Amino acid sequence: MQFGELAGINQQVSEPNARKICAKFGFEIETGPAPAKPPVPVPATPVQMKPKETPAPEVLVERPPVVTFMGHVDHGKTSLQDAVRHTHVVDKEAGRITQHIGASTIRYQGKMITFIDTPGHAAFTSMRARGANVTDIAVLVVAASEGFKEQTIEALNHALAAKVTVIVAMNKIDLPDADPDKILRQMQQNNIPSEDWGGTVAAVRVSAKTGQGLNDLLDRILLEAEMMELKANPRKSPEAVVLEAQMEQGLGPTASVLVRDGTLRVGDIALCGDCYGKVRSLLSDKGERLKSAGPSVPVKVVGLSGVPEAGDQLVVMPSEKQARQEAEQRIAEKRTAMASKAPAMLTADDLFSKLSSDELETLNLVIKSDVRGSGEAIEQSLAKLPRDRVKSEVLMNAVGAITENDVMLAAASKAIIVGFHVRVNPGVNDLAKREGVEIRLYSVIYELLEDITDALAGKLEPEKRETNLGKARILQIFELSKGFKVIGCRVESGVAKNNAKARVLRNGELIYTGAVVSLKHFKDDVKEVKAGLECGIRLDNFADFEPGDEVEFFEIELKKATL
Ligand code: GDP
């Protein structure tokens, strides 16, 4: 507070202030490892081909609130969103297929509310954070039977950092062990004192199962929205944000966007990240074809030249030519940024040997996933993995099946391809084999992360491959003066080799496994003895060998740690 910054116990303070505070207490700040991937530079000046309009106040109209359910896994985010959606469906027409567009809208008390879909997985923290950026109100879902959990606090911090209004939904209030008082106490402890306890944050008792309190929650959302005086100008050129984007059969690239201001219309020339195109159609979450989408409306945009990235901005350009030029420039900038990232050389093949040495190395990855959101979540989760010895570097993170181009990119940069919910195009596996590129497919994000964590931590067991060297038969046992026993053998096939591994079999039954510690041909120490010759061998432990026993010599080769 002395440094002019008001922050609760769970909030981040600015770095300069953190430094000052640390200095005051005699500590020094050590900054952590640099982020895995420098963000691709965004053109310094946002594209504004049209002069920015300053709207006259009278054209500012009320816009619907954008709401995101956040919270710990299994506390009921999805159930609550579904419950709200199903009790207030509008325009349910037969034959219309609900579209998954990353958000949905409902009409309640004559007003519209937009809900951003909440990915229900811990690894999707990044999408949650992204959700909070377009969000006005975060409904923090806390199971009343369980209380605040790790991800509840994490979600709350994202919401607070994004300065969005928080409403606590005490879900599962129908359960006998629901303990609302505990939640109120935890709200206090986490700096969001509830209204019940003299604070300002609403704590609404709800049950997605019985429907209890759902209207109270919606009432509260509308009340908060009213107090926030959310306004937008539907007459201006649109600004929208990509929620998710993908390649769709029959439609080509599609981008689900949330219009934040202005109105997006069919026929507009859109520039979206490094993609562009004439908006061919706009689809609502209810499968309707819209002519336009105003503030706070989520729509699927069809007609772009490619698949943009989640979080990309969509703006409208005066002409297709200008849109294309700008998109091309952005692609060129991205390419330069990627090229300047010198690829570190490390293949799965030598991963193990690198890991067993103490060097810090880079594990290069090419990520292919079904939707942008998953790819991003994977990348963000990777950035959080421990990186004491090996760090991962994502060379490419794209949507779609694994192609020959991906393999060539991976081969050139000694990368491994990680596929999430995608298939490998025909012929690509063969090419990968020829190029020595490893492709790993996953459908569960945790498994993918676990594998990579293991690889990064050097825990992957190397594959052991045995190479047979030769065989010998024991002819005689000699006892040396020092008490050592030596076996006199004739090499029957291959070679006997000093320091090789050896096993001894009697009538085909294993009686000993160990190593050759000395090998003599007559009186001379030798490295190896060929088939047909006799030799004296000392093994590292004598185990009552007898003439006639068979000795096998072999070596263990450590093959790659397969990622
Ligand atoms: P999410 O991971 O936060 O999206 O949680 P889900 O919506 O998938 O819910 C997790 C589990 O809790 C599911 O088995 C739901 O049926 C159950 N659940 C959700 N809401 C309620 C509720 O209000 N009451 C009860 N009894 N169970 C609920």
Side-chain angles (χ1 to χ4, degrees), residues 39-64 66 99 101-103 114 130 133-134 230-248 251-284 288-337 372 399:
V40 174
V42 180
T45 41
V47 206
Q48 231 132 44
M49 296 296 166
K50 287 181 188 170
K52 196 164 173 88
E53 305 139 76
T54 14
E58 61 271 22
V59 289
L60 282 181
V61 298
E62 197 181 310
R63 69 164 175 86
V66 179
Q99 295 276 314
I101 66 166
T114 300
R130 198 187 67 204
N133 289 338
V134 290
L230 303 167
K231 296 266 159 65
N233 178 0
R235 289 206 210 149
K236 65 181 255 195
S237 172
E239 285 165 27
V241 175
V242 177
L243 298 174
E244 51 182 68
Q246 58 201 306
M247 208 55 173
E248 272 182 86
L251 291 179
T254 65
S256 299
V257 303
L258 179 78
V259 179
R260 305 185 82 180
D261 204 353
T263 298
L264 178 65
R265 295 185 172 80
V266 172
D268 277 348
I269 309 294
L271 170 67
C272 187
D274 52 22
C275 310
Y276 69 99
K278 191 174 199 155
V279 177
R280 248 193 0 246
S281 48
L282 293 172
L283 300 172
S284 79
E288 309 148 287
R289 280 177 177 273
L290 305 179
K291 284 204 177 96
S292 65
S296 297
V297 175
V299 272
K300 182 179 276 185
V301 177
V302 184
L304 292 176
S305 58
V307 181
E309 288 185 33
D312 275 349
Q313 301 274 334
L314 181 145
V315 289
V316 164
M317 301 291 283
S319 76
E320 193 149 353
K321 190 175 161 207
Q322 267 169 295
R324 193 186 58 237
Q325 279 170 351
E326 181 59 33
E328 279 167 1
Q329 192 185 332
R330 289 181 182 187
I331 292 172
E333 277 165 10
K334 215 183 205 175
R335 215 176 277 142
T336 326
R372 278 275 176 211
V399 170

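All of these numbers come straight from a predicted model, not from anything done at the bench.
When each of T254, V259, V279, V242 is checked for a side chain to side chain contact (heavy atoms under 4.5 Å, CB included) with V301, only V279 meets the rule.
Across A232 and R63, no two heavy atoms sit closer than the pair CB-CD, 3.8 Å. What you find for V307 and Q246 is that their closest heavy atoms are CG1-N, 3.7 Å. Closest approach of A245 to V399, counting heavy atoms only: O-CG2, 4.2 Å. When all heavy atoms of G294 and T263 are compared, the pair lying nearest together is CA-OG1, 3.9 Å.
Put simply, CG on L304 and CZ on R280 are 9.5 Å apart, with the number rounded to the nearest 0.5 Å. Taking CG from L264 and NZ from K291, the interatomic distance works out to 15.0 Å, rounded to the nearest 0.5 Å. The line from CD of Q325 to CE of M317 is 8.5 Å long, rounded to the nearest 0.5 Å. In this structure, CG on L283 lies 6.5 Å from CG on L251, to the nearest 0.5 angstrom.
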Show every donor-acceptor pair shorter than 3.5 Å between a side-chain atom in residues 265-275 and any protein atom, with sequence neighbours excluded, or say none if there are none.
| residue | atom | partner | partner atom | Å |
| --- | --- | --- | --- | --- |
| D268 | OD2 | R265 | N | 2.8 |
| D274 | OD2 | K334 | NZ | 3.0 |

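Contact check for E328 versus R324: side-chain heavy atoms found under the 4.5 Å cut-off. Side-chain contact between D261 and N233: present, with at least one pair of heavy atoms (C-beta onward) separated by less than 4.5 Å. Considering only heavy atoms from C-beta on, L243 stays 4.5 Å or farther from I101 through its side chain.
Environment of NZ in K231: crowded, with over 12 heavy atoms of neighbouring residues, nucleotides or ligands closer than 6.0 Å.
Of the possible polar contacts, none joining the S296 side chain to the V66 backbone as a donor-acceptor pair under 3.5 Å is found. The backbone N or O of Y276 lies less than 3.5 Å from a partner atom in the side chain of S305, making a donor-acceptor pair.
No hydrogens or angles considered: nothing links the side chains of Q322 and E326 as a donor-acceptor pair under 3.5 Å.
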Inset, instruction - Begin from the C-alpha positions of V257 and V299 and carry the test side chain to side chain contact (heavy atoms under 4.5 Å, CB included) through to its verdict. - result: CA-CA 6 Å; V257 303; V299 272; 3.9 Å; yes
Inset, instruction - Test L282 against R289 for side chain to side chain contact (heavy atoms under 4.5 Å, CB included), laying out the working first. - result: CA-CA 6 Å; L282 293 172; R289 280 177 177 273; over 6 Å; no
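Applying the side-chain hydrogen bond (donor to acceptor under 3.5 Å, both in side chains) test to E62 and every residue at least two apart in sequence or in another chain returns K111. Checked against side-chain hydrogen bond (donor to acceptor under 3.5 Å, both in side chains), S292 has no partners two or more places apart in sequence or in another chain.
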